[in-house]
Number of protein chains: 2
Amino acid sequence: MTGVSTRRAATRDRLVEAAIAVFAEKGVLGASVEEICEAAGFTRGAFYSNFEHKDALCEAVLDALLADNLLAMNEALAAADALADADLGALIPSVIQVFLDSQRGGRTWALAAQELRLYAAREPALAAAYRAFHHRATTMFGTIMVEALHAHGYELTTDTADAISVLHAVHEYGTIGALIGSDAIDGDVKLRMLVKVLHAFIRPLT
Amino acid sequence: MTGVSTRRAATRDRLVEAAIAVFAEKGVLGASVEEICEAAGFTRGAFYSNFEHKDALCEAVLDALLADNLLAMNEALAAADALADADLGALIPSVIQVFLDSQRGGRTWALAAQELRLYAAREPALAAAYRAFHHRATTMFGTIMVEALHAHGYELTTDTADAISVLHAVHEYGTIGALIGSDAIDGDVKLRMLVKVLHAFIRPLT
DNA sequence: TGTATCGCATACACTCCTGTATCGAATACG
DNA sequence: CGTATTCGATACAGGAGTGTATGCGATACA
C-alpha cells in the first residue's frame, strides 16, 4: 500500500514542479493543463486523476513554494550564525545574498510566485489558500528575523509583519525588474534596495 | 480625413480600455483577442485592422497606464500645494492618499499593470517598451518628489530612482494584498507602509 | 500464482480561439 | 450627388484545449 501511495505522491510532485515552470512562462490562466502535463512527462489522465481543478494544483504549488522559502531562510540563518561576530552592517548584505541565492528555481519560482499572487487576487477560491501561505511565511520569517536582530542588539522600528511585507514587496519587485532589465534595476540594485530598507527599519535595542 | 482618423483613434482607445479590463481579469496570455474585442463591442476584424499583434496592443496599454499615473501624480501635487503650510508629517499621508484615490480604474488598472510587468519579464519584445515606460514614470515621479520635499526643507537619504522603486514596489504589493484580503494587508496597511517607507528615506536638508 | 485494485494512457465529443480573405456600410471629397 | 476609400463585420479553415469515459499494464496481497 505504501508503494502505491508513494508513486502517486511522486507524480503529484512532478506535476507541481512542471506547473511552476509553466506558470512562470505563461501565467496561471495562460497555462493549459495539457502543457503542464506534457512538461511533467504525463498526459492529462494523470492530472485529472490527481487533482480536481487547476486550483487544487495551485494550492499544491503554494505549499511547495512555502517549503522552499523556509528552506532558503534556514540557509540564510546558518550563514548568519557563521558570521555571528561580524558587525551588522557587513552581516546584513551577506545574509540577504545567501537567502537570495538559496531560493530554489531562482527566476522561475519567483515568477510563478507572483503569478499565483495575482491569480489569488482574482480568484476567491485561491485567496484563502494564499492568505494561509502568506500568514505562515510572514510569521515564520518575522520570528526568525526578530530573534536574529535581537542577538545582535537590534530591533525593528516598526510592526514585524509590516517590515516583512515591505521586504517581500521589494524582493519580488526587484526580481521582476532584474528580468526586465530595467535600466533602474538589476540584481545588485535589488540587493542594495533590500539592504537600505532593512537598515531603515532597525535601530539599536533601547 | 481628420474624421476618419478620429474614428480610428476612438476604436483603438476602446480596445485599449477593454484590454486593461480583460488583462486584469485573465492575465495577458489568458486573455483571448476575441474576449478583448467583445468587451470593447467589436469583432476581431477591428482588432487586426488596428494592431498587428497582441504585443502592439500591450504597448498601447502601457501608454495609457503612464498617462494615468502622471495624471494622478498631478492631482496629488495639487493637493500638496493646497496643504503647503501643514507640517510634513501630516502632509505625506494626505498626498499619498490623494494619489491612490486619483488612480483611474483602481483595482482593475493596478492588476493590469502588474500583469504587464510580469509579461514583460518573459517577453523580450515588450521588455523594451516596459523599460521606457518605467524610466519615464520613475524620472518624472522622482523629479516631482524631490522638488516637493525640497520645498518643505527635506531631501531623500538615498538615490532618487531607488526610493521611487521601493515606493512603487510597496504600492503594487499592497494593492494586491488588499485584494487578496490578506490578514496582514488591507488598504490602511498599505497607506501606512508607504508612509513608513517614505519617512525612512527622507531627512531635513543639511 | 492468481486476481483485485490502482494509476496513468487513450479515445471521444465538444467548445473556443486564431489569422486571413472577403464583403458591405459609412464617411470624405470632388 | 456620385464615387472612392476607409473601417470594421463576416465567413472560413484549421488548430488546440477541455473533461469524461474507458482501457490496460503494473503493483499489492492472499
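In this text, all values refer to a predicted model and were calculated from it rather than measured experimentally. We use all heavy atoms of the structure for the numbers below, so side chains are in, but hydrogens, waters and symmetry mates are not. Lettering follows sequence order; numbering is per chain, from 1.
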Between [atom2] of [N] and [atom1] of [X], the distance in whole Å:
| X | N | atom1 | atom2 | answer |
| --- | --- | --- | --- | --- |
| A/L29 | C/dC16 | CG | P | 16 Å |
| A/E52 | D/dT18 | CD | C1' | 15 Å |
| A/R12 | C/dC6 | CZ | C1' | 16 Å |
| B/R7 | D/dA9 | CZ | C1' | 11 Å |
| A/F51 | C/dC8 | CZ | C1' | 14 Å |

Please name all residues satisfying salt bridge (Lys or Arg N to Asp or Glu O under 4.0 Å) with B/E59, sequence neighbours left out, ordered by chain then number. none
According to the side-chain hydrogen bond (donor to acceptor under 3.5 Å, both in side chains) rule, which pairs have a member within residues 60-70 of chain B, sequence neighbours left out? none
Not counting sequence neighbours, list each pair that qualifies as a side-chain hydrogen bond (donor to acceptor under 3.5 Å, both in side chains) and has a residue in residues 15-44 of chain B. B/E17-B/R104, B/E25-B/R107, B/K26-B/E35
Side chain of A/R8 (C-beta onward), nearest among C/dC8, C/dA9, D/dT10: C/dC8
According to side chain to side chain contact (heavy atoms under 4.5 Å, CB included), who are the partners of B/V95, at least two apart in sequence or on a separate chain? B/A76, B/A80, B/L91
Report yes if at least one side-chain N or O of A/N50 is closer than 4.0 Å to OP1 or OP2 of C/dC8; otherwise report no. yes
Think A/T11 has a side-chain N or O under 4.0 angstrom from the OP1 or OP2 of C/dG7? no
My understanding is that only residues two or more places apart in sequence, or in another chain, count here; which of them pass ring pair (Phe, Tyr, Trp, His ring centres under 6.0 Å) with B/F141? B/F99
Any donor-acceptor pair under 3.5 Å from B/K196 side chain to A/F201 backbone: no
Which letter, B, S or -, goes with each nucleotide of nucleotides 18-23 of chain C from 5' to 3', with contact meaning a protein heavy atom under 4.0 Å? BBB---
Using purine N1 to pyrimidine N3 plus N6-O4 or O6-N4 for Watson-Crick, or N1-O2 and O6-N3 for G-U wobble, both under 3.5 Å, which nucleotide pairs with D/dT6? C/dA25
